[in-house]
Each structure stands twice: as structure tokens, then as C-alpha cells.
Amino acid sequence: QVQLVESGGGLAQPGGSLRLSCAASGSIFSINSMGWSRQGSGKQREFVAGIMSDGRTYYADSVKGRFTISGDIAKNMVTLQMNSLKPEDTANYLCDASIGSRVDWGQGTQVTVSS
């Protein structure tokens, strides 16, 4: 099992920026990818961004061009730089790590975008 802890959430104004970080511990050799998802109040969890062990990155259309995922799975760290934030970005952001068919999740860090 991989343990993940997110940090960096908080309050931002529309157009502002936040940087989220995720630290993982556990079976680092078995991690295939790491990423971020988010879950707004009363909404389904949705994919935000992911990074593969070979460095490939993927983004949801809603954040493409605004968010950047970076990090190194072998170092047990991943970062999500969020720019040009919008109110609809408000959600609990959860870090995830995939190990084969299993996905482990952190507790999440809250991001609120409001004037």
C-alpha cells in the first residue's frame, strides 16, 4: 500500500495560483503513475492530471493550459501548479498513485476559488 499526503490547498481569488504537493511513501517500485483528481461538493470525483513513470503527462480538458503536473514517481513526489484559477476549480484535490489495477488515494487538500 502507498500512503499519500497532500498539501498546498487554500483560498485563492479567480485568476490566482496555487501549488499543490503530494508526498508518497510505501511501495515505490510498484507505482505505475501518480496524479490528481478532484471532488467538488455533491459531485463525482473527476480526473485532473496524471504523470506516468516514463514522464508522460495527461490533463483533463477543463484544466489544460492552466494546470501543470510535475514530479518524479521514484522520488515519491508530485506537484500540481494551478494557474488562472476559476471558481469551478473549487474542490477537494486528492493525490493518487496507481499500482497495477489498484489505486491509492490521499485524504485531499481543499482548494477554494472565490472573490
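Residue numbers start at 1 and run along the sequence shown. Computation of the quantities below employed the complete heavy-atom set of this structure, encompassing side-chain atoms and omitting hydrogens, waters and symmetry-equivalent molecules. Worth saying up front: this structure is predicted, and the values here are computed from it rather than measured.
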Query raised in the report: Can Phe47 be reached from Met52 by stepping across I, L, V, M, F, W or Y side chains whose heavy atoms are under 4.5 Å apart?
Result: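 Met52 and Phe47: one cluster.
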
Requested in this report: Look at the side-chain heavy atoms of Ile, Leu, Val, Met, Phe, Trp and Tyr, link any pair under 4.5 Å apart, and say whether Trp36 and Ile99 land in one connected group.
Outcome: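 Yes: a chain of side-chain contacts under 4.5 Å links Trp36 to Ile99.
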
**Report entry** Partners passing side chain to side chain contact (heavy atoms under 4.5 Å, CB included) against Asn92 (at least two apart in sequence or in another chain)
**Finding:**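 Asn92 satisfies side chain to side chain contact (heavy atoms under 4.5 Å, CB included) with Leu94, Gln110 only.
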
Looking only at non-hydrogen atoms, find the nearest pair between [X] and [Y] and report the distance.
X: Ser21; Y: Thr79; value: OG-OG1, 4.0 Å
X: Ala91; Y: Gly40; value: CB-N, 3.7 Å
X: Ala49; Y: Tyr59; value: CB-CD2, 3.7 Å
X: Val63; Y: Arg38; value: CG1-NH1, 3.9 Å
X: Thr57; Y: Ile69; value: CG2-CG2, 3.7 Å
X: Gly9; Y: Thr109; value: N-OG1, 3.0 Å

Query raised in the report: Can you tell if the side chain of Ser53 reaches within under 4.5 Å of the side chain of Asn32, non-hydrogen atoms only?
Result: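 Not touching, per the 4.5 Å side-chain cut-off.
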
Query raised in the report: According to the side chain to side chain donor-acceptor pair (under 3.5 Å) rule, which pairs have a member within residues 3-18, sequence neighbours left out?
Result: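 Only Ser17-Asn83 qualify under side chain to side chain donor-acceptor pair (under 3.5 Å).
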
Query raised in the report: Does CD in Glu88 sit with more than 12 non-hydrogen atoms of other residues, nucleotides or ligands closer than 6.0 Å?
Result: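 Yes, because the 6.0 Å sphere around CD of Glu88 holds more than 12 heavy atoms from other groups.
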
Query - Partner residues of Arg66 under the salt bridge (charged side-chain N to carboxylate O under 4.0 Å, His left out) criterion, sequence neighbours left out - result: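 Expected list: Asp89.
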
Query raised in the report: Trp105 and side chain to side chain contact (heavy atoms under 4.5 Å, CB included): which partner among Leu4, Val2, Asp96?
Result: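 Going through the options one by one, the only one that passes is Asp96.
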
